[in-house]
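This report refers to the structure that appears directly beneath it.
None of the values given here were measured: they were computed from a predicted structure. In what follows, chains carry the letters A, B, and so on, assigned in the order in which the sequence lines appear, proteins first and then strands, with residues in each chain numbered from 1.
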Amino acid sequence: MLNEGKIKVQICLGTTCFVMGASKLQDLERMLPPEWKDKVDISAQTCLGMCQNPDSGFIKAPFVKINDEMIGEASVEKVIDKLKELIVV
Amino acid sequence: MQTEVNTVLLRREVMVRLIKAFLSGDFLKQADGVPFDMRPKHAEVPFRCCIHKERAILRERAIAALGGSIEEDDDKTHLSEYAARALERERPDETVLTVIDTACQGCVPSRIYVTDLCQGCVARPCTTACAFGAISIKNGRSVIDGEKCKSCTKCMQVCPYSAIVKIKVPCEDACPVGAITKNGSGHAQIDVSRCLSCGACMASCPFGAVAEKSQMIDILRAIKSDKKVVAMVAPAVAGQTPASINKVASGLIKAGFDIVMEVAQGADITAKTEAKDFAERMEKGDQFMTTSCCAAYREMVKKIAPELKPYVSETETPMHYTAQLAKEKYPDCITVFIGPCVAKRKEGLQDRFVDYVMNFEEMGALFVAMSIELAQCDDYVFETQTSKQARNFALTGGVAESVKVASGGKVDIRPTCVNGLNPKVVREMMMWAKKGQCPTGNIVEVMACEGGCVAGAACLNNKKIAARNVAAYADKAEDIKPD
């Protein structure tokens, strides 16, 4: 794992992701269980470049990248589910 | 309102696709395809019973986004026809909200209902609490006779098991003036003679069945024309995206606007004019005055509570003053107000200086459709400096505070706020008018949305974060200077 074992979570707060629902992801850090605090490293990015994908990338926005995996149509629930998988392992 | 729920995101996607269609050069054909592009053959059906219903609803969402009335739709007119009408019309429609009939669930009528949690207790406080004899015991459980029940909720309050609930119809429950009700087929219908255009029904419907008739195509046509187009951004804009207001303004220039003005400029004029008006009224012996800048409140006074009229400041709104300044400076220009509010669309239609109104969601959709990344935009420099108090107009308490500061301590001023309209508040205010007195203060700020304009029905950002950003931007400015 990267960053001294921390899971790297990059939230795209680029304009397209923000308009298409990333505003809710601003609260992600607050919504994680406290015991995950030192296991997860959350940062905001502008932007991850996915919206410029020729296949109308905006439809899959917002995007969140967890380590090397890109998650489309990201929601707080979706990100937490993914993190559960990674943290339990 | 929640700014990122599915219904809101669907509305934004439809808007992005229609803007892209307009920009494609093949508008009519592309517009026709929107419901099919969003739900192509064999696609997943996320929300409704079948793909055909999903498409039918998306078609109606697109009609509203093109500025059409779903009430007048015949189901068979193609979206390309609505798009063609949008290209030709001289003026947007006068009513701003439309009910997406096909999306409306036709919720169970609002009533008081005894749930399975009823224990059939011996005390039976519900039966004694009911003043209308509507509750009887059948098969060991309380049952409400709908004919006799007056929905007073007394039984709900006394049930020790919280077994009695009020079934709500979200749109009816949200409307502060009872303007949305069910028609004969059980679907929502708006009584235009009462509607304040506040957008509370739109924000509350979990099926996304109330929509604004957008003026987006009219605005895109204006941008495409040779005329100068002035974007006037409401103070709430400072909190809407992670980017600064200056970058948002540059984004609007990239999108094709020629000049961007802060509506806070007009808010400075409103604050000073209102301070003068207030001082004169108090000298005359009036007991209170209300602010006048909330468009939904203005409609409320006009349609529901004309007795309040003598107490409302005569001052024009920040949008009006800003548009007037724009028209004076750039004769022949087209003015577009950009804000969080549904009611401003109604006000814009009635104001001779305002040509069009765009909401923040539509502005966001415009950026998405044009691939404008605000983080990469320059910092736009506004021509006029605005005051701290004017920038705070978007927050509850901000307008009353501006009047206080603009008064310069010359009069006894006790601000009080109506933070959000609801039936109870409307009744209370009517009492103030009757008595000529407000018990809590002498300058009453009225805002239809709880929290102020940052909680408007067409915002992009969470209202708490938005409020924080607006306040931070205001803190960078100087205080308003009393005249």
Report the C-alpha separation of B:F367 and A:V19 in whole Å, then their side-chain angles, then the decisive distance to 0.1 Å, and conclude whether the side-chain contact (heavy atoms from CB on, under 4.5 Å) test is met.
CA-CA 9 Å; B:F367 292 148; A:V19 172; 5.5 Å; no
Using side-chain contact (heavy atoms from CB on, under 4.5 Å), reason through B:N461 and A:S23 one step at a time and then give a plain yes or no.
CA-CA 6 Å; B:N461 209 348; A:S23 55; 3.9 Å; yes
Give the intermediate values and the outcome of side-chain contact (heavy atoms from CB on, under 4.5 Å) for residues B:M370 and A:T15.
CA-CA 11 Å; B:M370 291 187 167; A:T15 305; over 6 Å; no
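The number of heavy atoms from other shown groups lying within 6.0 Å of CD (A:E35) is above 12. Taking a 6.0 Å sphere around CE of A:M70, one finds it holds more than 12 heavy atoms contributed by other residues, nucleotides or ligands.
For the pair B:L460 and A:F18, the tightest heavy-atom approach, listed with the atom from each and the gap, is O-CE2, 4.1 Å. Scanning both residues, B:R12 and A:M20, for their nearest heavy atoms gives CB-SD, 4.3 Å.
The CD1 atom of B:I465 sits 4.0 Å away from atom CD of A:Q26, with the distance rounded to the nearest 0.5 Å.
Highest contact tally toward chain A, considering only B:G364, B:A365, B:A369, B:A375, is held by B:G364 [criterion: heavy-atom pairs under 4.5 Å].
Between B:E373 and A:T46, the side chains place no donor N or O within less than 3.5 Å of an acceptor N or O (distance only, hydrogens not considered).
Residue-level contacts of residues 238-257 of chain B with chain A, in order of numbering, are B:Q240, B:T241, B:P242; threshold 4.5 Å between heavy atoms.
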